[in-house]
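Read through the structure below, which is laid out as structure tokens, and then see the notes.
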Protein chains: 2
Amino acid sequence: MTPAAPAAAGRALPHPARDEIRLEGVLHALSDPMRLRIVRELAADRGELSCSDFDLPVTKSTTTHHFRVLRESGVIRQTYRGTAKMNGLRDDDLDDLFPGLLDSLLAAAARQAARLGR
Amino acid sequence: MTPAAPAAAGRALPHPARDEIRLEGVLHALSDPMRLRIVRELAADRGELSCSDFDLPVTKSTTTHHFRVLRESGVIRQTYRGTAKMNGLRDDDLDDLFPGLLDSLLAAAARQAARLGR
DNA sequence: TCCATTGTACGAGGACCTTCGTAGTTTGAC
DNA sequence: GTCAAACTACGAAGGTCCTCGTACAATGGA
């Protein structure tokens with residue numbers, strides 16, 4: 001009880017509309033090593049992963065923070081499924097706004113990971 | 001007189017070697033609107049521009065700061081020519097490290113500039 | 001109902017970033 | 001030698017960012 005406000009199906013999460021996604025915001029989101037790593041795993045696993053599927057060297061609080069930055073910049077989409085929160089790349093929106101950019105970024109990240117020792 | 005250290009032809013500026021350029025650093029450098037603008041003009045004018053060729057809405061101090069961030073991240077190359085400091089994209093190094101990335105980024109920036117009112 | 005799982009909110013610490021003003025350095029021209 | 005032009009160095013103010021710890025909320029199952 002005490003739905004307080006929206007309720008409906010589960011909890012709602014604020015996502016920017018496609019038109020509101022800014023290149024600068026996307027670049028800033030991906031300029032952090034932890035977030036770039038998250039996005040790479042998300043692209044590799046090609047589908048939805050829960051936050052706890054990631055084994056990041058930071059606390060849960062920090063993990064939540066990074067996922068929120070990625071969501072608010074328009075890089076990922078988050079939805080609740082039970083107690084879990086599923087994450088997926090917004091590749092459809094990004095490809096529409098900036099064709100080829102996401103692929104170039106992922107390729108660049110993969111190349112750098114291969115060049116350095118993973 | 002009193003060359004103190006290197007001297008040689010004019011003043012030397014510290015640039016990262018190609019192998020030292022990091023994707024995260026490049027993305028961070030380009031995530032600032034002022035710097036993205038500088039890089040776009042540099043790519044459009046296809047050649048070397050002096051710092052004073054830009055008409056940025058910030059002071060000279062701030063302009064110097066942004067050019068340094070771009071240089072230290074490996075995005076541009078800076079050389080002195082008389083009292084002027086010439087700036088050029090390091091597209092050769094960037095294309096070698098991350099093939100196609102710079103073009104994708106410039107295309108994305110152009111697309112966003114066209115979508116919004118310039 | 002009780003509980004374990006999953007993730008959030010809030011605040012704090014410390015680092016970094018953007019911007020500015022002022023004073024100084026280097027260069028080329030007169 | 002003197003001077004203007006172009007840029008730098010330094011320090012400061014104000015903001016943002018990343019990280020954490022602790023306490024809390026929502027869900028699904030025993």
Side-chain angles (χ1 to χ4, degrees), chain A residues 1-15 22 24-38 48-73 75-87, chain B residues 1-15 22 24-38 48-73 75-87:
Chain A
M1 310 348 169
T2 62
R11 291 159 277 178
L13 287 164
H15 287 76
R22 292 289 172 274
E24 294 89 335
V26 171
L27 297 184
H28 171 248
L30 297 182
S31 70
D32 181 274
M34 209 66 65
R35 292 193 291 260
L36 187 56
R37 171 172 165 175
I38 290 173
E48 301 213 309
L49 291 173
S50 77
C51 293
S52 57
D53 285 334
F54 294 83
D55 190 29
L56 303 174
V58 290
T59 64
K60 265 195 305 178
S61 285
T62 305
T63 301
T64 297
H65 163 71
H66 285 310
F67 276 103
R68 180 169 45 205
V69 172
L70 286 171
R71 186 188 72 238
E72 292 180 345
S73 66
V75 176
I76 68 171
R77 198 169 350 242
Q78 293 189 297
T79 51
Y80 280 107
R81 187 137 67 217
T83 67
K85 195 174 183 177
M86 308 308 292
N87 303 277
Chain B
M1 305 10 180
T2 61
R11 291 159 277 177
L13 287 164
H15 287 76
R22 291 289 172 275
E24 294 88 335
V26 172
L27 297 185
H28 172 247
L30 297 181
S31 70
D32 181 275
M34 209 66 65
R35 292 194 291 260
L36 187 55
R37 171 171 165 175
I38 291 173
E48 300 215 311
L49 292 173
S50 78
C51 292
S52 57
D53 285 334
F54 293 83
D55 190 29
L56 303 174
V58 290
T59 65
K60 265 195 303 180
S61 284
T62 305
T63 301
T64 296
H65 162 72
H66 284 309
F67 276 104
R68 180 169 45 204
V69 172
L70 286 171
R71 186 188 73 238
E72 293 180 343
S73 67
V75 176
I76 67 171
R77 201 174 342 247
Q78 293 189 296
T79 51
Y80 280 106
R81 186 135 69 217
T83 67
K85 194 177 186 176
M86 308 309 290
N87 304 277

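Note that the structure is a prediction, hence the values are computed from the model and not measured. Residue numbers start from 1 in every chain, and the chains themselves are labelled A, B, ... in the order their sequence lines are given, proteins ahead of strands.
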Base, sugar-phosphate alone, or nothing: which one does A:Thr64 contact when heavy atoms must sit under 4.0 Å apart?
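The answer is base, as A:Thr64 lies within the cut-off (heavy atoms under 4.0 Å) of a base atom.
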With a 4.0 Å cut-off on heavy atoms, is A:Ser50 in touch with a base, just the backbone sugar-phosphate, or nothing at all?
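Result for A:Ser50 = sugar-phosphate.
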Let me know the distance between [atom1] of [X] and [atom2] of [N], rounded to the nearest Å.
{"X": "A:Tyr80", "N": "C:dT5", "atom1": "OH", "atom2": "C1'", "result": "14 Å"}
{"X": "A:Asn87", "N": "C:dT6", "atom1": "CG", "atom2": "P", "result": "14 Å"}
{"X": "A:Leu56", "N": "C:dG7", "atom1": "CG", "atom2": "P", "result": "12 Å"}
{"X": "B:Leu13", "N": "C:dT25", "atom1": "CG", "atom2": "P", "result": "18 Å"}
{"X": "B:Met86", "N": "C:dT26", "atom1": "CE", "atom2": "P", "result": "21 Å"}
{"X": "B:Leu49", "N": "D:dA6", "atom1": "CG", "atom2": "P", "result": "14 Å"}

Dump the intermediate steps for side-chain contact (heavy atoms from CB on, under 4.5 Å) on A:Phe67 and A:Asn87, then the final yes or no.
CA-CA 8 Å; A:Phe67 276 103; A:Asn87 303 277; 3.3 Å; yes
Is there side-chain contact between B:Cys51 and B:Gln78, with at least one heavy-atom pair below 4.5 Å?
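Counting from C-beta outward, B:Cys51 and B:Gln78 do come under 4.5 Å.
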Less than 4.5 Å apart, any side-chain heavy atom of A:Leu49 and any of A:Ile38?
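They are not in contact (no side-chain heavy atoms under 4.5 Å apart), so the answer is no.
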Output one letter per nucleotide in nucleotides 12-25 of chain D: B when a protein non-hydrogen atom lies under 4.0 Å from the base, S when only the sugar-phosphate is that close, - when neither is.
-----SSBBBB---
A:Ser50 and A:Ser52 side chains, donor-acceptor separation under 3.5 Å
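The answer is yes; a qualifying pair exists.
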Under 3.5 Å side-chain donor-acceptor pair for A:Ser61 and A:Thr64:
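Side-chain D/A pair, A:Ser61 to A:Thr64: absent.
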Has B:Ser52 got a side-chain N or O lying under 4.0 Å from the OP1 or OP2 atom of D:dA5?
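Result: no.
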Reckon A:Arg68 has a side-chain N or O less than 4.0 Å from the OP1 or OP2 of C:dA9?
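Result: yes.
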Pairs in or reaching into residues 48-57 of chain A: which pass salt bridge (Lys or Arg N to Asp or Glu O under 4.0 Å), with residues at least two apart or in two chains?
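Found A:Glu48-A:Arg81.
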